[in-house]
Amino acid sequence: MTGLLGPAEIRELAARLGVNPTKKLGQNFVHDPNTVRRIVTTAGLTPDDVALEVGPGLGSLTLALLPVAAHVHAVEIDPVLAGALPQTAAGHAGPAAARLTVHRADALRITAAELADPPPTALVANLPYNVAVPVVLHLLAGLPTLRHGLVMVQKEVADRLVAGPGSKVYGIPSVKLAWYARSRAAGRVPPNVFWPVPNVDSGLVAFTRREPPRDDVPRKAVFAVVDAAFAQRRKTLRAALAGWAGGPDRAAAALTAAGVDPGARGESLTVEQFAAIAASAPTAAPVAQ
């Protein structure tokens, strides 16, 4: 990998574009070449992988992805940054710049049709802290071609995403990611590799898509149970799922039918158990649309 951006290049490029990183967009630009090399290596891309990058910013990670991926889709909501990225790639990536497609779009709204040429197979991104979890879940739901990925997020968020049942930080993000993929913690990233410097560490999360735990119950129905269980996580599932089921007795009946103790709490359940509860839903229970 050559032509990567260091601290001086990042600040010069930002000054030339009149870019001031904003908290609103969750912008913290990586300015350490070793960090982007590490991300790309850990992502385990193959020459036929089509990488999807969300929030490329000034292009640090983009330049590291271009030489190793068959194609790179970069989704950037900031019009100035989106407009400048092709020129940055042309100036630093040589012929590999032809593999880049920039989409000026909101990653929370982008669709498979917009990313169809060619369809992405790997998500590799330094995600804005404020939308990291919804972006990952939206892309896994909407892009069935995504096989694997590596994302950099706030360390606290990384811990939640990879947590297992029984962990204090196990919750909605943990269960919903587990519906789509197997995940693991892939390392810590210190604040000093970013500009501006955040006041927290970052963490890398690697994931590999898997088949859903069950094919006889819709994902939205399972997620409705998950949302209800963790909305009142200190309550037993019999109480927490009363609104979902139409009463505590109906909730207890559904839990028993699924082989789950009505006195258990959501933080102790696997995604497979949540799916079993959804499959045992009372016929009159409301299901999320």
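Note that this is a predicted model, so its numbers are computed, not measured. Because only heavy atoms are used, hydrogens play no part in the values below, and waters and symmetry mates are left out as well, while side chains stay in.
Under the 4.0 Å criterion applied to side-chain N and carboxylate O atoms, Lys168 and Glu156 are not assigned as salt-bridge partners. Note on Lys176 versus Asp227: salt bridge recorded, some NZ/NE/NH1/NH2 to OD/OE distance being below 4.0 Å. Glu76 and Arg104 are not joined by a salt bridge, as no carboxylate oxygen comes within less than 4.0 angstrom of a charged side-chain nitrogen.
The two residues Val133 and Pro173 come nearest to each other via the heavy atoms CG1-CB, 4.0 Å. When all heavy atoms are compared, the tightest approach of Val189 to Arg38 is CG2-NH1, 4.0 Å. Between Leu161 and Ser183, the closest heavy-atom pair is O-OG, 3.7 Å. Annotation for Phe29 and Gly57: closest pair CE2-CA, 3.7 Å, computed over non-hydrogen atoms. For the residue pair Asp106 and Val75, the shortest heavy atom distance occurs at C-CG1, 4.4 Å. For the pair Ala69 and Ala51, the tightest heavy-atom approach, listed with the atom from each and the gap, is CB-CB, 4.2 Å.
Contact check for Val162 versus Phe207: no side-chain heavy atoms found under the 4.5 Å cut-off. At least one side-chain heavy atom of Leu123 sits less than 4.5 Å from a side-chain heavy atom of Val54. Side-chain contact between Thr88 and Leu58 is absent, with no heavy-atom pair separated by less than 4.5 Å. Under the 4.5 Å side-chain criterion, counting only non-hydrogen atoms from C-beta, Val36 is not in contact with Asp32. A heavy-atom distance below 4.5 Å is not found between the side chains of Leu5 and Pro33. In this structure the side chain of Pro191 reaches within 4.5 angstrom of the side chain of Asp201, judged on heavy atoms. Side-chain contact between Tyr129 and Pro198 is present, with heavy atoms from C-beta onward closer than 4.5 Å. Thr256 is listed as a side-chain neighbour of Pro262, based on a closest heavy-atom distance under 4.5 Å.
Few gaps surround CZ on Arg233; more than 12 heavy atoms of other groups in view lie less than 6.0 Å from it. Atom CZ of Arg109 has 12 or fewer neighbouring heavy atoms from other residues, nucleotides or ligands inside a 6.0 Å radius. Heavy atoms of other residues, nucleotides or ligands lying less than 6.0 angstrom from CZ of Arg234 number 12 at most.
The ring-ring contact (aromatic ring centres under 6.0 Å, His included) pairs that include a residue from residues 38-73 are His71-His73, His73-His103, where partners are two or more places apart or lie in different chains.
A donor-acceptor contact shorter than 3.5 Å is absent between the side chain of Ser60 and the backbone of His31. The closest donor-acceptor contact from the side chain of Gln87 to the backbone of Ala84 lies at 3.5 Å or more, if one exists at all. Side-chain atoms of Arg209 come within 3.5 Å of backbone N or O of Leu140 as a donor-acceptor pair. Judged by distance alone, the side chain of Ser202 and the main-chain N or O of Met152 form no donor-acceptor pair under 3.5 Å. The closest donor-acceptor contact from the side chain of Asn28 to the backbone of Pro196 lies under 3.5 Å. With hydrogens and angles ignored, the 3.5 Å screen pairs no side-chain donor or acceptor of His138 with any backbone N or O of Pro134. The main-chain N or O of Ala163 is never found under 3.5 Å from a side-chain atom of Ser167 such that the two would form a donor-acceptor pair.
Under the side-chain contact (heavy atoms from CB on, under 4.5 Å) criterion, Ala275 pairs with Trp179, Arg214, Val217, Val222, not counting sequence neighbours. Among residues two or more places apart in sequence or in another chain, the side-chain contact (heavy atoms from CB on, under 4.5 Å) test is passed with Asp49 by Leu45, Thr46, Thr121, Ala122, Arg147, His148. Listed by chain and number, the residues in a salt bridge (Lys or Arg N to Asp or Glu O under 4.0 Å) with Arg219 amount to none (sequence neighbours excluded). For Pro165, the side-chain contact (heavy atoms from CB on, under 4.5 Å) partners two or more places apart in sequence, or in a different chain, are Tyr170, Thr270. Legend: residues meeting side-chain contact (heavy atoms from CB on, under 4.5 Å) with Ala264, ordered by chain and number and at least two apart, are Leu237, Asp261, Ser268, Leu269.
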Side chain to side chain contact (heavy atoms under 4.5 Å, CB included) between Leu61 and Val40, intermediate numbers included: CA-CA 8 Å; Leu61 180 56; Val40 172; 3.9 Å; yes
Steps toward side chain to side chain contact (heavy atoms under 4.5 Å, CB included) verdict (Ile39, Leu204): CA-CA 8 Å; Ile39 291 171; Leu204 299 175; 4.1 Å; yes
Arg99 and Glu53: CA distance, side-chain angles, deciding distance, salt bridge (charged side-chain N to carboxylate O under 4.0 Å, His left out) verdict: CA-CA 13 Å; Arg99 303 172 188 167; Glu53 183 185 6; over 6 Å; no
Full working for side chain to side chain contact (heavy atoms under 4.5 Å, CB included) between Arg37 and Leu4: CA-CA 9 Å; Arg37 290 189 187 101; Leu4 300 181; 3.8 Å; yes
Steps toward side chain to side chain contact (heavy atoms under 4.5 Å, CB included) verdict (Val136, Tyr180): CA-CA 10 Å; Val136 169; Tyr180 297 107; over 6 Å; no
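Both Phe230 and Val225 sit in one connected hydrophobic cluster of ILVMFWY residues. Membership requires side-chain heavy atoms under 4.5 Å apart, directly or through other members. Linking Ile, Leu, Val, Met, Phe, Trp and Tyr residues whenever their side-chain heavy atoms come within less than 4.5 Å leaves Leu150 and Val50 in two separate clusters. The same ILVMFWY cluster, assembled from side-chain heavy atoms under 4.5 Å apart, contains both Ile277 and Ile172. Connection of Val102 to Val19 is established within a shared hydrophobic cluster, with ILVMFWY side chains joined at heavy-atom distances below 4.5 Å, either directly or through further cluster members. Linking Ile, Leu, Val, Met, Phe, Trp and Tyr residues whenever their side-chain heavy atoms come within less than 4.5 Å places Val68 and Leu100 in a single cluster.
For the atom pair CG (Leu143) and CG (Leu146), the distance works out to 5.0 Å, reported to the nearest 0.5 Å. For the atom pair CG (Leu241) and NZ (Lys235), the distance works out to 11.0 Å, reported to the nearest 0.5 Å.
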